[in-house]
Amino acid sequence: DPPRRHSSRSLSPHSAPSSSLPPALQVYLFDLTFDVSSRPRAEQNQGAHQFSLRGHKKEGYGLSWSERKAGYLLSGSYDKRVCVWDVNTGPEQRRGGGLELEPLVQITAHSDAVGDVQWHPHQEHAFASVG
């Protein structure tokens, strides 16, 4: 089994959306502008993620926010998949009471684990993935 690793990516140093790929089967999206102190004290140390992105069958560690297409996130995993997400999808299009989002696309071209993913810096629909 691969080592359990966490990965985290922020959209940019000055923006709020951030993502985390913990050693579980979903990606969590956090709003870094959310004031956790407004939650009841018992909930302040619990995850304050906006929603989770569910599409992988195994844990992973490759994440990349698109700088060309706002709200688009790539994730790669040990399940040999690359998922493309649009986190701007409204709650009415999400499952689980608006807390779960399915990928726009799942790419299964890898023959082994996906080690990393990266959007192309100039072409909004192009990206690379490596095993």
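In this chain, residues are counted from 1 in sequence order. All of these numbers come straight from a predicted model, not from anything done at the bench.
Going from atom OH of Y72 over to atom CG of L104 covers 5.0 Å, rounded to the nearest 0.5 Å. If you take CG on L53 and SG on C83, they are separated by 9.0 Å, rounding to the nearest 0.5 Å. For the atom pair CG of D86 and OG of S66, the computed distance is 10.5 Å after rounding to the nearest 0.5 Å. Expressed to the nearest 0.5 Å, how far OG of S111 lies from NZ of K80 amounts to 7.0 Å. Put simply, CD1 on I107 and CZ on R81 are 11.5 Å apart, with the number rounded to the nearest 0.5 Å.
Residues V105 and W85 form no side-chain contact, since every pair of their non-hydrogen atoms from C-beta on lies 4.5 Å or further apart.
Checking side-chain atoms of S77 against main-chain N and O of H56 turns up no donor-acceptor pair under 3.5 Å.
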Could you go through residues 117-131 and list every donor-acceptor pair under 3.5 Å that involves a side-chain atom there, pairing it with any protein atom two or more places apart or in another chain?
{"from": "W119", "atom 1": "NE1", "to": "S64", "atom 2": "O", "distance (Å)": "3.1"}
{"from": "H120", "atom 1": "ND1", "to": "H122", "atom 2": "N", "distance (Å)": "2.9"}
{"from": "H120", "atom 1": "ND1", "to": "Q123", "atom 2": "N", "distance (Å)": "3.1"}
{"from": "S129", "atom 1": "OG", "to": "H110", "atom 2": "NE2", "distance (Å)": "2.7"}

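When each of D79, L74, V82 is checked for a side-chain contact (heavy atoms from CB on, under 4.5 Å) with V114, only V82 meets the rule.
Nearest heavy-atom pair, G62 versus D116, reported as atom, atom and distance to 0.1 Å: CA-OD1, 3.8 Å.
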